[in-house]
Amino acid sequence: MEFTARDRLKLLGGASAFLLSACGGGSDNSSSTSGIGAGPSTPVTPTTPTTTTPPPTSPPPSGDVSIVDGLLRDTFTNNFKMGTAMTDNRVRANDLSAEIALAQFNSITPEYELKPDQIAPTEGVFNFVEADRIVDWALANNMEVRGHALVWHEATPDYFLQGSPAQIRARLENYVTTVVDHFRGRITIWDVANEVTSVDLYNGTNGVGPDRDTAWFQAVGNADYIDWAFLAARAADPNAQLFLSDYETENPMKRGWLIDIVRRLRARGVPIDGVGHQFHLQLNTDPDQALAAIDAVTNEFAGLINHVTELDVSFYTDPGSCWESETNCQPDVGNPAPADMLASQATLLRTLFNGLMLRSSVETVSFWGVRDGDSWLNESPTVRSNHPLLFDRDGNPKPALLAITDPNYVI
Ligand code: G3I
């Protein structure tokens, strides 16, 4: 009988060391759950990777890798929660990605169900059905829920931005109050404003100082809408943690603009609790630049929380034209993923996670999906096979997962 990944996942509910060691487990002798990447039974005090040659851990045969329930979240239990994006469709279908999420993660971000274009596509009409279902599923399984996102220009129905700035403000405050109030006590973390930082670094046209020149900015005439959203969210739920989130904070120029916006919000007394770094990375990303983004927040704003909110490592480094008009996109790398690229991804993520474990301001690290086939990067910026996540299309753990959970795993 051919074991599917789903079968293996069930089989490993209360895994024993034997089963794991049969896959070429690690040399960890800390407990009966030792084996491939088994999380240490005692918390690992993160140190810079040792220079001594680790005992050999033979790489598992491809496609025949199983891990113990809880490996991911347990490995980092003393550092941060491990999260993933999830959709209501997958939860309702109880598909393999939902099963793996239950087995390995302890934080959930609804991938799109909490966005304004899904919650209130028509003015004054709020639909919480899909969002409630995925939020309650996560809570029933003792997982934190990150609310994403109250304000995002790419998911804003046109009616939001009609009328005078005062009318836009009143509408925004009503929306934020209604949504945050609805989820109060269930969603404890909100991406209040998403992708509001200038992207001038590309074309010199999409920024006004540090602020992104979005439809929100144009309708209001400035970036005060960010303040309004945070203030309304705090008023609606004083206990929720409020985040400003953005992508490419690993780029020093964009990071600088984000810091400028946070500095302005805090100078105005706007309540902000943390920064969400999306970290949509590529194989050639310098992980130290990603870690520098965490440090930039911590160094200037002591006490502010850092989350990694949408982590994935694309196998492509396309030019801007591919993102703008699907021209000059790199050719499909194919499926299954090339071994050398899997190894590069594993090396990058091992360095990143070693660094994140040393930074106490990091409280949640979320991947943007469970299995490679779930990823938005299979359609954006163009349709082709991508392999950006920790589990392959069949739900097997990839080298990157083994590399971040087992210091002795040989990439
Ligand atoms: O699954 C439903 C389907 O049942 C329905 O019939 C159909 C028509 O409405 O919609 C389908 O849902 C789509 C969903 O992706 C499927 O996962 C939504 O329309 C579509 O809008 C949604 O796109 C999401 C996108 O944000 C816009 O909300 C992507 O999943 C999601 O990965 C992407 O995530 C963004 C972050 O929020 C912000 N950072 C960038 C990131 C990637 O673009």
Side-chain angles (χ1 to χ4, degrees), residues 83-98 101 107-122 125 127-131 133-134 137 145-158 160 179 187 189-197 199 202 206 212 214-216 226 229 243-251 254 258 275-282 285 290 293 307-314 316 318 320 322-324 326 364-384 386-389 393:
T84 184
M86 183 49 63
T87 67
D88 175 51
N89 289 346
R90 295 191 179 289
V91 168
R92 274 189 295 129
N94 190 33
D95 80 353
L96 184 53
S97 293
S107 178
I108 292 292
T109 304
E111 189 162 359
Y112 67 100
E113 293 83 354
L114 280 169
K115 294 169 183 171
D117 62 350
Q118 304 294 318
I119 293 284
T122 306
V125 180
N127 162 48
F128 294 114
V129 172
E130 293 76 14
R133 191 160 45 213
I134 192 171
W137 167 81
V145 180
R146 298 192 82 263
H148 171 82
L150 295 172
V151 176
W152 182 36
H153 63 281
E154 289 199 24
T156 299
D158 291 344
F160 267 75
V179 174
I187 292 181
I189 302 160
W190 281 103
D191 286 340
V192 175
N194 184 51
E195 301 180 11
V196 297
T197 311
V199 290
Y202 302 127
N206 198 294
R212 189 165 184 170
T214 66
W216 275 99
I226 303 171
F243 279 71
L244 180 72
S245 62
D246 221 316
Y247 64 92
E248 278 191 337
T249 53
E250 67 278 7
N251 177 300
K254 190 162 181 197
L258 176 122
V275 170
H277 308 264
Q278 293 182 12
F279 285 175
H280 290 296
L281 307 181
Q282 297 79 38
T285 298
H307 280 185
V308 177
T309 58
E310 305 181 16
L311 181 56
D312 45 32
V313 181
S314 176
Y316 303 90
D318 297 300
C322 179
W323 289 91
E324 281 147 23
E326 289 196 59
T364 293
V365 176
S366 294
F367 281 84
W368 204 237
V370 175
R371 291 182 288 160
D372 285 336
D374 302 345
S375 177
W376 67 292
L377 289 168
N378 293 299
E379 286 86 39
S380 294
T382 190
V383 175
R384 69 192 161 188
N386 213 324
H387 309 276
L389 299 170
R393 282 163 169 75

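Atoms within each ligand, like the ligands themselves, are counted from 1 in listed order. The residues of the chain are indexed from 1 along the displayed sequence.
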Determine whether any protein heavy atom is located less than 4.0 Å from [atom].
atom	result
atom 23 (O) of ligand 1	no
atom 41 (C) of ligand 1	yes
atom 17 (O) of ligand 1	yes
atom 8 (C) of ligand 1	no
atom 28 (O) of ligand 1	yes

Classify the angle between the aromatic ring planes of His280 and Trp376 as parallel (below 30°), tilted (30 to 60°) or perpendicular (above 60°).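 Perpendicular, since the angle between the ring planes exceeds 60°.
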Taking only heavy atoms of [X], which atoms of ligand 1 are found under 4.0 Å from at least one of them?
X	answer
Trp152	26 (O), 27 (C), 28 (O), 35 (C), 37 (O), 38 (C)
Glu195	38 (C), 39 (N), 40 (C)
Glu310	36 (C), 38 (C), 39 (N), 40 (C), 41 (C)

Looking only at distances, can you tell me whether any N or O atom of Asp117, backbone or side chain, sits closer than 3.5 Å to an N or O atom of ligand 1?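 Min N/O separation from ligand 1 is not below 3.5 Å for Asp117.
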Thr87 versus ligand 1: do any nitrogen or oxygen atoms come within less than 3.5 Å of each other?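 The answer is no, given that Thr87 and ligand 1 share no N or O pair closer than 3.5 Å.
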Side chains of [X] and [Y] in contact at under 4.5 Å (non-hydrogen atoms):
X	Y	value
Asp117	Tyr112	no
Asp312	Phe367	no
Pro110	Val145	yes
Thr382	Tyr316	no

Please say which of Asn89, Asp88, Thr87 ends up in a side-chain contact (heavy atoms from CB on, under 4.5 Å) with Glu111.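 Only match with Glu111 under side-chain contact (heavy atoms from CB on, under 4.5 Å): Thr87.
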Lys/Arg N to Asp/Glu carboxylate O, Asp374 vs Arg90, below 4.0 Å: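 Looking at Arg90 together with Asp374, the answer is yes, because their closest N to O distance falls below 4.0 Å.
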With side chain to side chain donor-acceptor pair (under 3.5 Å) as the test, would you mind laying out the steps for Asn386 and Ser375 before giving the verdict? CA-CA 8 Å; Asn386 213 324; Ser375 177; over 6 Å; no
Please report which non-hydrogen protein atom sits nearest to [atom], along with the residue it belongs to and the distance in Å to one decimal place.
atom	value
atom 34 (O) of ligand 1	Trp368 NE1, 3.2 Å
atom 43 (O) of ligand 1	Trp376 CE3, 3.6 Å
atom 15 (O) of ligand 1	Tyr112 CD2, 4.2 Å
atom 31 (C) of ligand 1	Glu111 OE2, 3.4 Å

By the definition side-chain hydrogen bond (donor to acceptor under 3.5 Å, both in side chains), identify the one residue from His148, His307, Gln278 that meets it with Asp191.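 So, applying the side-chain hydrogen bond (donor to acceptor under 3.5 Å, both in side chains) to Asp191 and each of His148, His307, Gln278, only His148 qualifies.
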Mind checking whether [X] contacts ligand 1 via backbone (N, CA, C, O), side chain (CB onward), both or neither, at a 4.0 Å heavy-atom cut-off?
X	result
Asn194	side chain
Tyr247	neither
Gln278	side chain

For Arg371 and Ser97, does a side-chain donor sit closer than 3.5 Å to a side-chain acceptor?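 Yes, because at least one side-chain N or O of Arg371 sits under 3.5 Å from a partner of the opposite role on Ser97.
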In Å and rounded to the nearest 0.5 Å, what is the OG1 to CG distance from Thr84 to Leu311?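 Output value for this atom pair is 10.0 Å.
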I'd like the name of whichever of Lys115, Gln118, Glu154 reaches closest to atom 21 (O) of ligand 1 through any heavy atom.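 Looking at heavy atoms only, the winner is Gln118.
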Determine, considering heavy atoms only, which of Leu377, Leu114, Asn89 sits nearest to atom 4 (O) of ligand 1.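 Residue with the shortest heavy-atom distance to the ligand atom: Asn89.
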For Trp152, does its backbone N or O pair with a side-chain atom of Thr156 as donor and acceptor, under 3.5 Å?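 It does hold such a pair.
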